[in-house]
Amino acid sequence: MTQTARENVEEIADARTETFESIDPRTGEVVGEHPIHDAETVGNRVAAAREAQAAWDELGFSGRKQHLDSWRKLLVKRLDELAGVICAETGKPLEDAKLELVLVIDHLAWATSNAEKVLKRRKVSPGVLMSNQTATVEYLPYGVVGVIGPWNYPAFTPMGSIAYALAAGNAVVFKPSELTPGVGEWLVKSFAEAVPEHPVFQLVTGYGSTGAALCKAGVNKVAFTGSTATGKRVMASCAENLIPVLVECGGKDALIVDADADLAAAADAAVWGAMSNAGQTCIGVERVYVHEAVADRYLKMVSDRAAKLRPGGEPGADFGPITMASQVDIIRGHIDDAINRGGRAVIGGRDSVRPPFVEPVVIADAPEDSTAITEETFGPTLVVQRVKDVDEAITLANATNYGLGGTVFSRARGMELARRLRSGMVAVNSVIAFAGVPALPFGGVGDSGFGRIHGADGLREFARPQSVTRTKFTIPLNPMSFARPKGTVSTVVKLIKVLRGR
Ligand code: NDP
């Protein structure tokens, strides 16, 4: 048994440590028991991570790469096992859990292979005025990063921070969602198994209060993924000690269909983007704006596809249950609000909500101020709105405080429309593709948060730039000295006038 596993068992055996249960949302069956860590334990885990971080940093990029590669190989070997844990805690179909892990592994490989190139010391031009200096910038690890994750993609989402933070030389203390502690535990244990000599990846479990304790435990950065409301609380808490935060929150992503679009592909993308993982995807498609010239044909294509989908807990189901029971009321409320105020239920409707499952719901022509349009639904629902042209589509798509992802289907104007969306990411003529490209930064604007995971920006997010100048030779006229000769500054002013005055 690994040290972490032993500690967990010991903790649970200790009558003083309270525990909570992890539940399979498909059946209500208890699938695990985990400690509720208090502030003292969280502090101890942060201290242990800090102690281990120094040696991890000293390994350098290639040393860390070797260890992270071992972990990656272990993840590949035991992919099925971890996929089973994801299924048990979220209820999502096994194939979807495996797909999630494929992305995890690819991102881990990218982060470890590119960390050195992105973060190592590099020279920059010192400029004319400081030409006697060599100027370099290097990206150094923060120290200990606290990662707080959600339950909907319990491996992929937090690993977007964990893999990149570790590759950059940090230690990580991870607080998974209370709904998916087993996935967090599995990840931490597997790291300990692959890299036993460097305990730089630590786990804390519990409810929101454990996450809150992590923000105050002396970590050097917090990477939070979850709802906007909790993101604000995390930020306020970190502000007390000026701890930098990365905040990845929800979205209300729109898909735009132009008159010249491949309608079948756009329908397929909308239904997958809206219904896969039961719609519990931060970059899921929640709204469609379709050009009126093709709207009727398009709506029929979407409806035909959505009508075939069945949620369930059995193998072969298209998507699973609503993982977080309290979300069911929100989904029901959005459907009711849209229909009560004139929206047309084209597929499904109020009766589609059968907890813990929700059947596909497609609503057309809902009022733009209904909650199905204005708030994150996080269910297998889709609202299809007809617009007179793509300019109106862009205006309506952008009329939200969120700004996470977006999708555009257009043969002629895809890139132009993508640029006009106020969002952190856009897929043109496909859906969610950007999340599978490890080199692309992932994150949003507005209520969707700020900061980036993935790609070079994601590596830099977990490192502090340090700028260094080194004097190559002394100059006769040094203006930054009390001993400067008279007239030095006026010579420099003359120089800047010549150089920059034209
Ligand atoms: P929550 O905001 O409820 O929780 C997120 C995490 O924060 C959980 O681990 C939670 O713990 C923890 N937490 C709760 N309260 C506090 C607190 N006061 N201080 C510190 N941590 C706290 O979000 P969900 O888990 O419900 O996740 C769904 C949300 O995540 C959706 O809005 C979705 O759009 C968003 N999301 C965004 C992504 C992105 O990359 N932009 C990706 C995936 C999801 P506990 O669970 O124990 O309460």
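Atoms within a ligand are numbered from 1 in the order they appear, just like the ligands themselves.
Ionic pairing of Lys65 and Glu116 is not present here: no N-O contact between side-chain nitrogen and carboxylate oxygen is shorter than 4.0 angstrom. Contact check on Asp369 versus Arg341 returns a salt bridge, with a Lys/Arg side-chain nitrogen under 4.0 Å from an Asp/Glu carboxylate oxygen. Between Glu461 and Arg452 there is no salt bridge, since no side-chain N of the basic residue sits under 4.0 Å from a carboxylate O of the acidic one. Of the charged side-chain nitrogens involved, at least one lies within less than 4.0 Å of a carboxylate oxygen, so that Arg354 and Glu359 count as a salt-bridged pair. Between Lys189 and Glu185 there is a salt bridge, since a side-chain N of the basic residue sits under 4.0 Å from a carboxylate O of the acidic one. The pair Asp80-Lys98 meets the salt-bridge criterion, since a charged nitrogen lies less than 4.0 angstrom from a carboxylate oxygen.
At a heavy-atom distance under 4.0 Å, no atom of Thr281 approaches ligand 1. At a heavy-atom cutoff of 4.0 Å, ligand 1 is contacted by the side chain of Leu404 but not by its backbone. Heavy atoms of Phe378 found under 4.0 angstrom from ligand 1 belong exclusively to the side chain. Neither the backbone nor the side chain of Ser209 comes within contact range of ligand 1; no heavy atom lies under 4.0 Å.
Ring centers of Tyr142 and Phe462: at least 6.0 Å apart, outside the cut-off. Aromatic pair Phe156/His454: centroids less than 6.0 angstrom apart. Taking the six-membered ring for Trp and the full ring otherwise, Trp151 and Phe378 have centroids separated by under 6.0 Å.
Note: Phe20 and Tyr207 have tilted aromatic rings, judged against thresholds of 30 and 60 degrees for the angle between ring planes.
Where the criterion is an N or O separation shorter than 3.5 Å, residue side chain and backbone included, Ser448 fails it with respect to ligand 1. Note: an N/O pair closer than 3.5 Å links Ser177 and ligand 1 by distance alone. Taking any N or O of Gly206, backbone or side chain, at least one lies under 3.5 Å from an N or O belonging to ligand 1. At under 3.5 Å, not a single nitrogen or oxygen of Val234, backbone or side chain, sits near a nitrogen or oxygen of ligand 1. An N or O contact shorter than 3.5 Å is missing between Phe224 and ligand 1 by distance. Backbone and side-chain nitrogen or oxygen atoms of Ser227 are examined, and one is located within less than 3.5 angstrom of a nitrogen or oxygen of ligand 1. Of the polar atoms of Thr228, none of the N or O atoms is found under 3.5 Å from an N or O of ligand 1, judged by distance alone. Looking at ligand 1, you won't find any N or O of Thr225 less than 3.5 Å from one of its N or O atoms.
Distances below 4.0 Å separate heavy atoms of Pro176 from the following atoms of ligand 1: 9 (O). In the vicinity of Ile148, heavy-atom distances shorter than 4.0 Å reach the ligand 1 atoms 6 (C), 7 (O), 9 (O), 12 (C), 20 (C), 21 (N). Atoms of ligand 1 found under 4.0 Å from any heavy atom of Gly211 (numbered from 1 in listed order, with element): 19 (N), 20 (C), 21 (N). Interface of Asn152 with ligand 1, defined as ligand atoms under 4.0 Å from a residue heavy atom, comprises 43 (C), 44 (C). Under a 4.0 Å criterion applied to the non-hydrogen atoms of Trp151, ligand 1 contributes the atoms 24 (P), 25 (O), 26 (O), 27 (O). Near Cys249, meaning under 4.0 Å from any of its heavy atoms, are these atoms of ligand 1: 37 (C), 38 (C), 39 (C), 41 (N). Of all the atoms in ligand 1, the ones that sit under 4.0 Å from a non-hydrogen atom of Tyr207 are 47 (O).
Residues Val408 and Val426 meet the side-chain proximity criterion, which asks for heavy atoms closer than 4.5 Å. For the pair Asn277/Tyr153, a side-chain contact is recorded, criterion being any heavy-atom separation below 4.5 Å from C-beta on.
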**OP:** Test side-chain hydrogen bond (donor to acceptor under 3.5 Å, both in side chains) on Asn220 and Arg50 and set out the steps.
**Re:** CA-CA 10 Å; Asn220 304 98; Arg50 189 170 304 290; 3.0 Å; yes
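Looking at Asp447, Ile36, Thr230, it is Thr230 that brings a heavy atom closest to atom 15 (N) of ligand 1. Of all the listed residues (Glu248, Glu376, His454), Glu376 holds the heavy atom that lies closest to atom 31 (C) of ligand 1.
Atom 11 (O) of ligand 1 has Lys175 NZ, 3.0 Å as its closest protein atom, hydrogens excluded (heavy atom only). The nearest protein atom to atom 9 (O) of ligand 1, hydrogens excluded, is given as Gly149 O, 2.8 Å; this is a heavy-atom distance. What sits closest to atom 40 (O) of ligand 1 on the protein, heavy atoms only, is Phe442 CE2, 3.2 Å. For atom 35 (C) of ligand 1, the closest heavy atom belonging to the protein is Gly226 O, 3.3 Å. The single protein non-hydrogen atom nearest to atom 27 (O) of ligand 1 is Pro150 CB, 3.3 Å, given as residue, atom name and distance. The shortest contact between atom 42 (C) of ligand 1 and any protein heavy atom is with Cys282 SG, 2.8 Å. Scanning all protein heavy atoms for the shortest distance to atom 17 (C) of ligand 1 gives Gly208 O, 3.7 Å. Nearest non-hydrogen protein atom to atom 46 (O) of ligand 1 is Glu178 N, 3.0 Å.
Atom CD of Glu95 is surrounded by 12 or fewer heavy atoms from other residues, nucleotides or ligands within 6.0 Å. In this structure, Glu368 places its CD atom where more than 12 heavy-atom neighbours from other residues, nucleotides or ligands lie under 6.0 Å away.
With hydrogens and angles ignored, the 3.5 Å screen pairs a side-chain donor or acceptor of Asp24 with a backbone N or O of Arg26. Using modelled atom types, one side-chain atom of Arg64 and one backbone atom of Trp56 make a donor-acceptor pair closer than 3.5 Å.
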